[in-house]
There are 2 protein chains.
Amino acid sequence: MRAINRFNVLDTIRRAGSIARIEISDRTQLSTTTVSAITASLLDDGLILARTEGDLREAATRGRPRVMLELNPRAARVVGAKIAANRMVFVVTDFCGEVLSTLTLALRVDRQPIGVIADLIEDGVRRCVVDANLALDEIDSVCLGLPGVIEHRTGHVRTSPIFRESGVDFAKEMSERLGVTTIVESDAHAITLAHHWFGKARDLDDMVLVSLEQTLGLGVLHGGQLFRGAGGLSHNLGDLTLGIGPQGTVRLASLAGESAILGDQPSGRFAEAIRLGRGMAHAKTLIDAEDNALIGAAIRAGEACGMALANIVTLFAPPRVILVGSSLALGQPFLDSLREAYSLAIPPSIKGVTELVFDQSTDETWAQGAAVVALRELYESPWGTTGPAPAL
Amino acid sequence: MRAINRFNVLDTIRRAGSIARIEISDRTQLSTTTVSAITASLLDDGLILARTEGDLREAATRGRPRVMLELNPRAARVVGAKIAANRMVFVVTDFCGEVLSTLTLALRVDRQPIGVIADLIEDGVRRCVVDANLALDEIDSVCLGLPGVIEHRTGHVRTSPIFRESGVDFAKEMSERLGVTTIVESDAHAITLAHHWFGKARDLDDMVLVSLEQTLGLGVLHGGQLFRGAGGLSHNLGDLTLGIGPQGTVRLASLAGESAILGDQPSGRFAEAIRLGRGMAHAKTLIDAEDNALIGAAIRAGEACGMALANIVTLFAPPRVILVGSSLALGQPFLDSLREAYSLAIPPSIKGVTELVFDQSTDETWAQGAAVVALRELYESPWGTTGPAPAL
DNA sequence: GGTATTTTTATCGGAATGCGAATTAAATAA
DNA sequence: TTATTTAATTCGCATTCCGATAAAAATACC
């Protein structure tokens with residue numbers, strides 16, 4: 001009970017950045033008494049800091065000046081990572097989610113044995129932590145964002161395009177290697193929370209995010225919480241069926257996945273660019289040069305995505321949908337056909353309910369989102385009793 | 001806070017039917033002290049009853065015998081209704097959700113003016129209440145289950161096949177007519193809760209229900225709660241897009257809706273049967289007589305539903321999906337093609353996660369589900385203070 | 001039949017939590 | 001310097017939860 005209120009107060013402080021107690025009391029509907037008690041204990045635990053200056057109301061007001069409270073950035077550090085097929089991005093962030101150091105590794109890891117991938121990730125985490133002038137034992141938690149179908153609760157990777165194996169208990173594996181609590185989460189969920197904390201959904205507690213990368217993912221925010229299917233499964237949009245043809249089931253991934261657009265044969269025209277992790281950027285160049293085959297693929301992908309998107313909006317009716325991912329880099333042909341298919345497919349009855357927003361975030365933002373996943377768990381953990389010791 | 005625990009205890013008693021305090025304490029993780037206090041207040045308010053006999057453990061145990069607690073059926077009465085295009089079914093239930101009286105009106109109401117429909121519903125409610133030997137002021141709440149897209153929170157009917165108008169504030173309209181709090185809810189949500197309370201999802205707090213009627217609806221139960229889109233919108237599966245063809249968007253409803261299967265031209269072969277509300281039953285007869293046109297329509301509908309179903313399972317990954325609705329009456333051709341399309345379209349990665357269950361409930365069950373919607377709100381309301389006076 | 005045992009339920013006291021009212025703190029305005 | 005204003009804290013009270021203990025109500029044993 002107190003835990004809930006503590007979390008609410010902490011979250012209110014985080015959202016505001018800097019806020020006075022009385023304002024917290026306003027927003028949380030808690031009495032000033034209770035807010036005082038909770039903030040006292042948060043200060044005591046070193047999770048927040050008090051600052052005398054910084055009152056936004058023009059200083060020309062009378063009365064006792066407000067004491068602004070804000071998160072203590074040094075209360076914790078976490079590592080967030082985006083693991084993709086051809087690159088890994090790591091960030092170390094402080095308790096506010098501010099990035100302290102970044103590390104990008106451009107290397108193709110998919111279909112390597114688990115051990116190799118784990119080695120690379122372990123190495124990346126360690127290097128990024130060193131870059132932040134920290135030691136691994138100063139890190140409170142690690143979160144890895146992977147593509148695929150992942151059970152958040154258990155850290156079980158059911159399927160992922162970067163693993164040959166299915167059903168990998170990756171959270172356990174990495175926790176043991178690093179000696180730090182490690183969470184495994186869908187990359188789409190990570191970027192969803194990144195947008196909720198820092199991006200284009202800061203003002204919303206309900207929204208849907210669609211990620212168009214190698215894998216097509218979905219994040220649903222419902223009441224400020226990630227909506228996870230029963231069992232904490234992440235969603236995999238690429239598995240959505242568009243039709244059943246003579247060659248079997250046609251899935252969204254086969255039309256709109258990165259490999260579907262670029263073609264992933266080792267001898268394909270994009271083989272070199274893909275290997276270097278610049279597939280979509282290269283494709284964009286060719287599209288600008290009016291490469292008709294590619295423009296056609298982009299248009300077909302856009303149509304398929306637009307339709308799938310309309311169906312998702314039909315089911316969830318969120319006030320906003322954010323589209324992210326490397327496929328957006330394909331530019332006009334893709335985006336226009338997506339928008340058009342979407343507006344054709346969206347049922348009239350909920351037209352106007354949902355706003356489409358496109359966002360081209362950097363990979364660092366995705367990694368930061370993973371860090372947010374880790375931070376949220378810290379926020380909810382029972383600090384008061386025997387949590388990780390806050391830094392001085 | 002106490003309200004939450006009160007609700008939990010009450011719900012535990014409801015689920016068990018008859019249960020001793022110590023067992024409640026076990027299941028809710030509350031101390032026996034707290035359970036005693038809460039049950040005392042529930043007894044005081046007349047919401048539950050104590051019974052000395054009925055202990056299921058063979059009477060040959062020593063120790064103080066358990067006092068079994070159960071809901072007081074007389075603590076409240078509600079009306080639930082299923083309003084469909086060609087029929088209305090009303091039930092009056094007691095506090096346990098047991099049906100006290102039923103009334104079925106077989107009449108075609110769709111496309112009538114709102115006022116006419118409201119008249120008919122008002123009349124049905126009043127007659128059903130009289131049939132239960134009650135007066136309207138003994139009814140605590142009314143819930144109407146309608147097809148369409150409905151905002152539960154506000155009782156706003158955005159679109160419904162039975163209304164010509166869109167954006168009708170129907171809850172307000174009926175509340176004023178009846179002088180009783182009236183809730184408007186999607187019929188799919190009603191039958192979802194009916195299955196949670198009495199039917200094939202009694203054991204589950206997470207599941208998905210798909211209703212295949214004139215309208216194709218969806219109910220998602222998540223953590224024991226109905227999952228409603230932002231804004232409390234109900235879902236409308238019929239609006240799901242299957243593809244964009246030359247004639248515009250092809251929606252699921254156009255292949256799998258009742259009118260798509262039977263044809264709804266006034267001069268159609270089923271016109272008479274539909275008018276009498278026996279469309280699907282009649283269709284079944286013809287299918288059994290090997291009417292090829294109809295069998296073809298049923299197969300196409302089944303395929304479309306199976307595909308849509310697979311997509312829903314991909315998104316929600318529930319442990320169980322319950323399919324209900326009049327279309328199930330089409331029999332083998334429909335069901336077999338549905339199952340086949342489903343198993344082709346379901347992605348391998350989540351094969352085995354979800355169990356399909358078919359259920360042919362009577363309309364009364366749907367109305368009972370609407371009653372459950374009303375009862376759930378009563379359960380959560382603050383009885384202790386100034387709620388509706390419990391019957392003696 | 002009387003006492004011990006067992007099991008369930010109720011009671012008592014302590015700890016935690018939240019809130020309203022009153023109080024204190026710290027600034028500006030007069 | 002004093003009054004006013006606004007923010008934050010302190011005090012006292014009411015809830016509510018829980019653990020420990022006591023009471024209740026049955027059977028088991030001698």
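In what follows, chains carry the letters A, B, and so on, assigned in the order in which the sequence lines appear, proteins first and then strands, with residues in each chain numbered from 1. Everything quoted here is computed from the prediction, not taken from an experiment.
- The distance between atom CZ of B/Arg64 and atom C1' of C/dT6, rounded to the nearest whole Å, is 13 Å.
- Considering CG of B/Leu375 and CG of B/Leu71, their distance stands at 9.5 Å, rounded to 0.5 Å.
- Distance B/Ile24 CD1 to D/dC17 P: 14 Å, rounded to the nearest Å.
- Checking A/Thr12 against A/Arg27 by side-chain atom types alone, no donor-acceptor pair falls below 3.5 Å.
- The shortest distance between the side-chain N/O atoms of B/Ser31 and the OP1/OP2 oxygens of D/dG19 is not below 4.0 Å.
- When the side-chain nitrogen and oxygen atoms of B/Arg66 are compared with OP1 and OP2 of C/dT8, one or more of them lie within a distance under 4.0 Å.
- Look at A/Ser36 and you won't find any side-chain N or O under 4.0 angstrom from OP1 or OP2 of D/dA8.
- If you take CE of A/Met1 and C1' of D/dC17, they are 11 Å apart, rounded to a whole angstrom.
- Look at CD1 on B/Ile38: it is 15 Å from P on C/dT9, rounded to the nearest Å.
- B/Asp44 has its CG atom 13 Å from the P atom of C/dA10, to the nearest Å.
- Contact between the side-chain N/O atoms of B/Asn5 and the OP1/OP2 oxygens of D/dC17 is found at a separation under 4.0 Å.
- When rounded to the nearest whole Å, the span between CE of B/Met68 and C1' of D/dA25 equals 16 Å.
- Summarising the geometry, atom CD1 belonging to B/Ile13 is positioned 5.5 Å from atom CG belonging to B/Leu69; distances are rounded to the nearest 0.5 Å.
- Of the candidate nucleotides D/dA25, C/dC12, C/dT9, C/dC12 has the atom lying nearest to any side-chain atom of B/Thr33.
- Taking side-chain N and O atoms only, B/Arg21 has a distance below 4.0 Å to OP1 or OP2 of C/dA10.
- Rounded to whole Å, atom C1' of C/dT7 lies 13 Å from atom CG of B/Asp26.
- We find the CG-OH distance between B/Asn8 and B/Tyr379 to be 13.0 Å, quoted to the nearest 0.5 Å.
- Here A/Val67 lies in heavy-atom contact (under 4.0 Å) with sugar-phosphate atoms only.
- Listed nucleotides: D/dT4, C/dT5, D/dA8. Nearest to the side chain of A/Arg62: D/dT4.
- Remark: B/Thr34 is in phosphate contact with D/dC18, judged by side-chain N or O atoms under 4.0 Å from OP1 or OP2.
- A straight line from CD1 of A/Ile22 to P of C/dA26 spans 16 Å, rounded to a whole angstrom.
- Relative to the side chain of A/Arg2, the nucleotides C/dT9, C/dG18, D/dA8 differ in distance, and C/dG18 lies closest.
- The aromatic rings of B/Phe316 and A/Phe227 stand perpendicular to each other, their planes meeting at an angle above 60°, with 30° marking the opposite boundary.
- Map B/Ala37 and A/Thr32 each onto its nearest nucleotide of DNA chain D; the residue landing nearer the 5' end is A/Thr32.
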